[in-house]
Amino acid sequence: MSAHHEQSFISKYVFSIDHKYIAKQYTVTGMIFAFIGGLFAVAFRTQLAWPGTNIPFIGVLDGMKYNMLVTNHAMIMFFWAGMPILLAGLGNFVIPLMLGADDMAFPKLNMLSYWIFFVSAVLLILSFMAPGGGAAGGWTMYPPLNAQQGVDPDANFLVNLWTGGSLLILAVAVEFASMLLGGINFLVTSLNMRAKGMKLMDVPAVVWMINLATVDFMFSVGPLISGAVMLLFDRIFNTGFYDPARGGDPILFQHLFWFFGHPEVYVVLLPAIGIVAEIVPTFSRKPLFASRWIIIMATASAFIAFIVWAHHQFVAGIDPRMAEFFSITTIIISVPFAFIFFAVIATMFKGQIEVKTPMLWALGFLVFFLVGGVTGIFNGSAGLDMYIHDTYFVIAHFHYTLIPAVFFAGLAALHFWFPKATGRMMNETLGKLHFWITSIGFNMFAFPLFFSGLYGEHRRIFNYSSYQPMMADWIINIRHVATIGAMILAAAQVLLFINIILSATSGEKAGKNPWKCNTLEWVADSPPPHGNFATPPSCYRGPYEYSNPKRSGSDFWPQNEQ
Amino acid sequence: MSFLPEAYSSVAADIYGVFYLIFYIVGIWFVVTLGALFYGVFTSLKKQGGKAQYITGDDWAQSKWIWIPLILVFMCDLLIDVKTANVWTKVEIAEKMPQNDYDVKIVGRQFQWEFTYPGPDGKLFTEDDIQIADGNDGELVLPVGKITKLHLTAADVLHSFFVREFGFKQDVIPGRILTRWVEPIKEGRIELTCAEICGPNHGTMRNWVKVVSQEEFNSFIKNLNSGKKVAMATK
Ligand code: HEM
Ligand SMILES: [Cu+2]
Ligand SMILES: [Cu+2]
């Protein structure tokens with residue numbers, strides 16, 4: 001154990017090794033990038049609704065600029081917003097606190113992880129400034145296009161390295177290195193630094209989910225890195241790994257990409273489910289229904305996540321017989337998620353539900369994620385996907401999974417743990433207003449896209465005027481509604497910004513345990529000092545003992561109380 | 001629902017059938033689950049002096065409320081699996097491909113589609129094949145009610161052969177020829193788009209599919225062979 005003494009400014013605020021501070025660094029950086037990624041989306045949605053609009057700072061979007069914004073929108077949302085917020089930020093904050101530990105197992109490694117992440121963000125920004133602009137071949141980076149775009153085969157390798165596409169590959173690779181370091185910390189800390197008496201099944205669901213997400217990430221990222229290195233070599237050394245004319249195979253990249261890419265969506269989804277699994281029992285004052293089975297089912301889904309990847313490639317030219325297998329696994333993966341979903345709903349029955357902002361965001365997650373979950377069945381069924389693949393139906397589907405996960409569950413977590421992190425409560429009225437406007441904007445943006453998608457509107461198109469059926473009045477109306485929705489969604493985040501600033505400076509004092517919650521982080525002061533706990537807590541029971549009749553006088557039973 | 005485009009191929013109806021099956025099954029689950037969620041929330045809101053029930057969900061009497069629906073979900077999944085596998089097999093699996101009447105080769109190139117028909121010898125992939133490379137005006141002419149085998153490939157990067165009204169798409173890959181088939185059931189001129197990002201002008205890549213009667217098709221082939229009315233390949 002390290003001694004916790006006074007720290008200098010630099011070691012406290014810049015190169016901090018305190019897991020809570022690193023969590024804040026990740027979360028704030030992630031939120032800034034989420035906002036940038038959102039603005040990218042508003043920019044290209046504006047082009048779709050009103051083609052030829054002059055966008056501030058970017059100009060009129062031609063095909064190249066449009067593709068660049070779409071590509072980097074997705075990259076940013078996954079790797080510089082979703083993962084830093086839901087995995088790195090949340091994991092760093094809750095894991096040591098919920099386990100009753102004083103910090104991560106390797107605090108210096110943790111600091112290194114953030115600063116490597118920072119370097120990756122710099123590389124990302126550099127990639128926009130490279131000659132020819134940022135990468136523009138889709139976030140999936142499929143070769144041959146992405147092995148060629150912006151590349152001059154006769155030029156020096158440094159010239160080809162200094163292109164949007166190559167820098168983006170580097171940026172992503174560096175980001176992965178950072179998440180790997182963070183992930184090692186998560187696993188080691190969770191396995192070795194639990195409070196005295198805390199059995200694995202006493203570990204709160206959110207910590208379980210973050211670790212499952214970490215495992216999914218760690219086991220899937222290797223193939224992607226090797227795929228990405230070959231892609232980079234094709235770009236800068238003129239190798240032919242993906243060039244069929246030189247014996248290469250472009251489909252190989254797709255397998256390596258999606259072997260990672262599918263688990264990656266679970267990296268974002270599982271922590272989100274974990275967040276909701278903490279918040280719903282707390283605000284219903286009831287135990288998490290069948291909590292042991294929720295963990296088992298989540299673990300099962302984390303494994304099945306490795307055998308569904310080719311559902312992204314049904315029509316990519318793989319052997320059609322393979323599609324039958326991947327279609328079945330994909331549809332079956334709905335079973336563990338349905339279980340978790342039903343169990344979380346059952347948790348609320350016969351409870352005493354108080355809909356405070358964290359609960360409101362958690363409920364928002366449940367309702368909207370349900371839309372994303374059920375529409376996944378359409379995409380997963382190969383016999384239909386050959387029509388809806390690469391249409392706006394798919395765009396609508398995955399935004400109904402990712403926006404609930406990153407925004408709704410992420411904001412649920414923010415409102416839930418903000419008092420612990422800052423010592424002050426967030427403003428409920430502003431929070432609720434923010435929730436409703438965000439929900440309206442989000443649904444206006446995403447729901448109509450199901451319909452244009454079904455009509456065959458294909459994606460990554462900067463201007464639909466080449467396609468007559470896509471210029472029907474109702475489709476154009478849909479485009480307007482979706483764009484205005486995206487604008488409302490983005491604008492609503494100003495309320496969040498105000499709320500955070502106001503609450504952090506002058507919010508009501510929170511006290512140690514404002515939500516009357518059982519888990520160990522609420523035993524520490526708010527905010528917890530460097531080193532977290534005055535005396536290391538012990539653990540006597542699971543985290544969800546709410547309204548237990550054996551406990552008299554209070555409807556909760558903190559894990560550390562005998 | 002009429003959001004799906006009018007069917008122009010013999011398999012589109014099957015593919016749309018998968019949509020409707022899933023739509024109804026999943027729609028019911030959606031409504032029931034959402035109903036349970038709202039019911040749960042609104043009947044359990046905090047009351048003055050109220051007490052939550054201590055329900056852990058650990059024994060069967062409680063957990064059957066989710067295990068039984070779960071088994072039903074699983075059965076619905078299987079039903080969907082079977083239906084979708086059938087349609088997939090019909091459209092995609094080589095062994096099930098029906099005997100074809102015609103062949104055509106289709107090449108995706110940044111940013112247009114090109115079509116190659118058999119020459120006077122009536123056989124594709126021979127010296128005298130005739131190519132139509134007409135920019136974005138090029139038409140893929142197909143006879144109605146006949147089965148045409150599509151030999152799909154790409155010249156530069158990935159593209160995706162997508163005719164909305166046919167109900168399916170197929171990515172095309174440089175260096176590989178994939179075969180699919182289509183039986184148009186309706187005459188008309190519909191759009192052939194590209195559904196895989198292929199560069200800056202992916203958003204303008206559009207050609208045409210023209211489904212014609214047998215007579216028209218015959219004269220189209222005749223004109224093609226005599227070099228009339230079509231831009232010849234420059235290669
Ligand atoms: C502000 C909220 C958001 C809006 C308005 C939005 C909008 C869009 C739209 C309209 C597209 C389709 C563009 C096209 O195909 O031409 C798109 C693509 C995409 N979005 Fe979002 N999105 C938002 C948030 C997110 C989040 C939170 C994530 C993930 C965590 C995400 C991931 C993606 C991905 C992976 C793509 C596909 C990109 C590609 O085709 O290469 N988006 N977004
Ligand atoms: Cu997937
Ligand atoms: Cu294209």
Side-chain angles (χ1 to χ4, degrees), chain A residues 63-64 67 137-138 142 144-145 244-245 250 285-287 289-290 315-317 320 323-324 327-328 331-332 334-335 338-339 342-343 345-346 348-354 366 370 374 377-378 381-384 386-387 389-390 451 454-456 458 460-463 466-467 546-549 555, chain B residues 3-5 15 18-19 22 26 29-30 33-34 36-37 40-41 44-46 50-57 63 65-66 69-70 73-74 77 80-81 84-85 87-88 92-93 157-158 160 162 164 167-171 173-176 178 191 193 195 197-204 206:
Chain A
M64 199 69 178
N67 289 351
Y142 284 0
L145 178 66
R285 315 310 293 164
K286 272 190 61 200
F289 194 90
V315 297
E324 315 252 22
S327 189
I328 291 172
I331 292 175
I332 296 297
S334 65
V335 170
F339 183 94
F342 294 159
I345 292 176
M348 297 190 284
F349 273 74
K350 307 214 162 112
Q352 289 286 312
I353 298 177
E354 215 179 339
L366 290 173
L370 187 61
V374 297
I377 305 278
F378 293 84
S381 98
L384 178 60
M386 61 180 136
Y387 175 62
H389 178 76
D390 266 333
F451 301 103
L454 280 181
Y455 196 56
H458 53 319
R460 295 162 166 175
I461 302 292
F462 74 104
N463 184 340
S466 301
Y467 312 98
Y546 292 100
S547 305
N548 188 328
D555 66 353
Chain B
F3 290 106
L4 294 161
I15 295 163
V18 182
F19 174 80
I22 300 176
V26 147
W29 278 109
F30 180 73
T33 313
L34 209 58
L37 198 161
V41 173
S44 315
L45 287 174
K46 184 177 171 146
K51 217 176 160 337
Q53 284 192 25
Y54 181 75
I55 303 171
T56 58
S63 65
W65 287 98
I66 61 177
L70 196 72
V73 166
F74 181 69
D77 281 353
I80 294 171
D81 276 332
T84 191
V87 172
W88 179 265
E92 301 271 334
I93 300 286
V157 298
L158 304 181
S160 188
F162 182 32
R164 291 181 285 265
F168 68 92
K169 60 175 63 68
Q170 177 59 54
D171 290 7
I173 310 167
R176 256 197 234 183
L178 300 165
E191 288 181 357
T193 67
I197 189 169
C198 56
N201 290 333
H202 165 62
T204 59
R206 190 266 298 114

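A note on names: the letters A, B, ... follow the listed sequences, proteins ahead of strands, and every chain is numbered from 1.
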Where is the tightest heavy-atom contact between [X] and [Y], given as atom of each residue plus distance?
| X | Y | value |
| --- | --- | --- |
| Ser466(A) | Gly203(B) | OG-O, 3.8 Å |
| Val73(B) | Ser334(A) | CG1-OG, 4.3 Å |
| Ala290(A) | Gly57(B) | CB-O, 3.5 Å |

Can you tell me which of [options] forms the most heavy-atom pairs within a distance under 4.5 Å of chain A?
| options | result |
| --- | --- |
| Gly199(B), Gly175(B), Ala85(B), Ala52(B) | Ala52(B) |
| Val157(B), Asp81(B), Asn201(B) | Asp81(B) |
| Thr56(B), Val18(B), Ile22(B) | Ile22(B) |
| Leu178(B), Ile80(B), Ile173(B) | Ile173(B) |
| Glu92(B), Gln53(B), Lys169(B), Arg176(B) | Lys169(B) |

Once you round to the nearest 0.5 Å, how far does [atom1] of [X] lie from [atom2] of [Y]?
| X | Y | atom1 | atom2 | answer |
| --- | --- | --- | --- | --- |
| Phe339(A) | Ser63(B) | CZ | OG | 7.0 Å |
| His458(A) | His202(B) | NE2 | NE2 | 5.5 Å |
| Ile197(B) | Arg460(A) | CD1 | CZ | 5.0 Å |

inquiry  = Students often mix this up, so state it plainly: with edges at 30° and 60°, are the rings of Phe451(A) and Phe3(B) parallel, tilted or perpendicular?
reply    = tilted
ask   = Which class fits the ring pair Phe19(B) and Phe378(A): parallel under 30°, tilted 30 to 60°, perpendicular over 60°?
value = tilted
ask   = Going through the distances and angles, do Tyr387(A) and Leu4(B) end up as a side-chain contact (heavy atoms from CB on, under 4.5 Å)?
value = CA-CA 10 Å; Tyr387(A) 175 62; Leu4(B) 294 161; 3.6 Å; yes
Atom group of [X] that falls short of 4.5 Å from chain A, counting heavy atoms:
| X | answer |
| --- | --- |
| Ile55(B) | both |
| Trp29(B) | side chain |
| Glu191(B) | side chain |
| Ile66(B) | both |

Pick whichever of [options] has the most heavy-atom pairs under 4.5 Å with chain B.
| options | result |
| --- | --- |
| Asn463(A), Asp555(A), Leu384(A), Leu366(A) | Leu384(A) |
| Arg285(A), Met348(A), Lys350(A) | Lys350(A) |
| Gly63(A), Ser381(A), Pro244(A), Gly137(A) | Ser381(A) |
| Pro549(A), Ala382(A), Ala338(A) | Ala382(A) |
| Asp390(A), Ile332(A), Leu145(A), Asn67(A) | Leu145(A) |

Is [X] in contact with chain B via its backbone, its side chain, both, or neither, using a 4.5 Å heavy-atom distance?
| X | result |
| --- | --- |
| Ala245(A) | neither |
| Asn548(A) | both |
| Tyr546(A) | backbone |

inquiry  = Could you work out, with salt bridge (Lys or Arg N to Asp or Glu O under 4.0 Å) as the rule, every residue matching Asp77(B), not counting sequence neighbours?
reply    = none
query = Is the number of heavy atoms from other residues, nucleotides or ligands within 6.0 Å of CZ (Phe74(B)) greater than 12?
reply = no
task = Go through the structure and list residues passing side-chain contact (heavy atoms from CB on, under 4.5 Å) with Phe349(A), not counting sequence neighbours.
result = Ile345(A), Tyr39(B)
query = Just by modelled atom types, is the Pro320(A) backbone N or O under 3.5 Å from a matching donor or acceptor in the Trp88(B) side chain?
reply = yes
key: Backbone of Ile353(A) reached by a side-chain donor or acceptor of Lys46(B) within 3.5 Å   = no
